[in-house]
Amino acid sequence: RTGGAAVAFTATGGTSAGQVSSSTDNADGTYSAVFTATAAGSPTTIGATLNGVAVTTTLPTLTVSDPPPTAAVIFEDDFETQSLSSWDQVDTSGGKFTITTEPENVRDGAAALRITLNGSTGTAGAINKWFMPGYEEVWLVMDVKVDPTLTETGHFAGLQGHRTDNQYSAYGQAGVRPDGQDFFQSMMDPGWAARPGWYLYSYWMEMECSGSPCYGNNILQDAPRISHDGSWQRFVRRIRVNTVGQADGLEELWIDGDRKILRSSVRFRDTADLLVNDLALFAYFPGLTGTYYVYVDNVQVRSSPLPGFD
């Protein structure tokens with residue numbers, strides 16, 4: 001016979017859990033069913049009956065395993081390759097972004113990134129890593145050492161929200177308040193002589209504006225503020241976009257393990273087409289008269305927090 005029998009499959013024994021579907025007659029003498037797993041466990045035995053009589057040949061077993069964990073690390077660079085090849089876009093003009101192997105300017109290993117700032121190099125330039133289409137929540141970890149004599153502020157480390165169909169939608173938007181459909185930005189920048197302390201410089205759809213142009217808002221640390229002092233500092237940043245139509249986004253900043261900024265109830269977007277999808281390290285410090293250096297090591301972009309930060 002090539003079909004027409006009453007066949008039923010069973011799953012018995014073990015702790016692997018699941019449901020067996022009704023059998024399908026393949027009209028060629030074979031029958032099949034789908035086992036839909038619901039819980040991992042020890043092997044379960046797959047049996048069958050044919051016209052009410054149990055199949056007596058050796059029965060197969062099936063084991064349900066947990067799925068592999070979602071990768072927590074989106075991107076990382078400890079600069080040990082002594083190149084910037086893992087970044088998507090690198091401004092190579094003027095020697096802004098180079099690799100150093102000077103032991104005193106490397107946090108771990110043998111190499112780190114050196115950003116050179118002066119009157120000619122400090123007016124533009126960035127290195128970028130895109131992770132399109134993006135994530136609703138991103139964590140950034142990095143070690144940073146800033147020349148202690150730098151007393152002017154500028155733009156340094158940005159987490160950007162571009163449209164999923166345009167990886168450049170957040171660029172060219174200086175002085176423009178986002179409308180919830182186009183972009184958002186959050187920079188981490190060093191303070192200056194008159195107002196020391198690292199701070200966030202952010203663009204979002206409900207930011208305060210006193211006119212046009214409408215530049216980003218400064219988000220200051222809780223007191224006491226921590227400044228750059230020429231030593232290595234570890235920064236952990238978190239940005240989580242809001243649920244569309246709700247004000248439940250947030251951004252946070254930790255410095256050397258202390259949470260210094262928590263900003264909640266933020267509306268970054270009004271469309272699911274805006275996600276966090278770009279890390280940019282900038283060399284935008286206009287108006288400098290001297291030469292200063294910023295060193296960066298152990299950069300990691302994550303979709304989940306480091307232990308102890310959740």
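Keep in mind that this is a model prediction, so the values were computed, not measured.
Between Tyr171 and Tyr168, the angle of the ring planes lies from 30° to 60°, which puts this pair in the tilted group. The aromatic rings of Trp130 and His162 are tilted relative to each other, their planes meeting at an angle between 30° and 60°. Using bins of under 30°, 30° to 60° and over 60° for the plane-to-plane angle, the ring pair Phe282/His155 lands in the perpendicular bin. Aromatic ring orientation, Phe156 versus Trp198: tilted (interplanar angle from 30° to 60°).
The pair Lys129-Asp88 counts as a salt bridge, with a side-chain nitrogen and a carboxylate oxygen less than 4.0 angstrom apart. Salt bridge annotation for Glu104-Lys145: absent, with no cationic side-chain nitrogen under 4.0 angstrom from a carboxylate oxygen. A salt bridge between Arg107 and Asp143 is present, with a side-chain N of the basic residue lying under 4.0 Å from a carboxylate O of the acidic one. The pair Lys260-Asp258 does not meet the salt-bridge criterion, since no charged nitrogen lies less than 4.0 angstrom from a carboxylate oxygen.
Using modelled atom types, no side-chain atom of Thr164 and backbone atom of Pro133 make a donor-acceptor pair closer than 3.5 Å. Thr61 places no side-chain N or O within 3.5 Å of a backbone atom of Pro43 that could act as its donor or acceptor partner. In this structure, the side chain of Asn26 does not engage the main chain of Asp28 through any donor-acceptor pair within 3.5 Å.
Under a cut-off of 6.0 angstrom, the local environment of CD in Gln82 is crowded, with over 12 non-hydrogen atoms contributed by other residues, nucleotides or ligands. Within a 6.0 Å radius of CD in Glu137, more than 12 heavy atoms belonging to other residues, nucleotides or ligands are found. Counting heavy-atom neighbours within 6.0 Å of Glu208 CD, excluding the residue itself, gives a total of 12 or less.
Results of the side-chain contact (heavy atoms from CB on, under 4.5 Å) test with Val296 over Leu113, Ile127, Val146 single out Leu113 as the only residue that passes. Among Val301, Val241, Ile74, the single residue meeting the side-chain contact (heavy atoms from CB on, under 4.5 Å) criterion with Tyr135 is Ile74.
Rounded to the nearest 0.5 angstrom, Leu84 CG and Asp91 CG are separated by 11.0 Å. Atom CD of Glu76 and atom CZ of Arg302 lie 9.0 Å apart (nearest 0.5 Å). Residue Asn128 holds its CG atom at 8.0 Å from CG of Leu279, rounded to the nearest 0.5 Å. The distance from atom CG of Leu159 to atom CD of Glu251, rounded to the nearest 0.5 Å, is 9.0 Å. In this structure, CG in Asp182 is found 10.5 Å from OG1 in Thr271, a value given to the nearest 0.5 Å. In this structure, the separation between CZ on Arg238 and CG on Leu253 is 13.5 Å, given to the nearest 0.5 Å.
With contacts defined as side-chain heavy-atom distances shorter than 4.5 Å, the pair Ser86/Phe75 qualifies. In this structure the side chain of Ile255 reaches within 4.5 angstrom of the side chain of Phe235, judged on heavy atoms. Taking 4.5 Å as the limit, every side-chain heavy atom of Met187 sits out of range of all side-chain heavy atoms of Tyr284.
Through direct or indirect side-chain contacts shorter than 4.5 Å among Ile, Leu, Val, Met, Phe, Trp and Tyr, Tyr293 is connected to Trp232, Tyr295.
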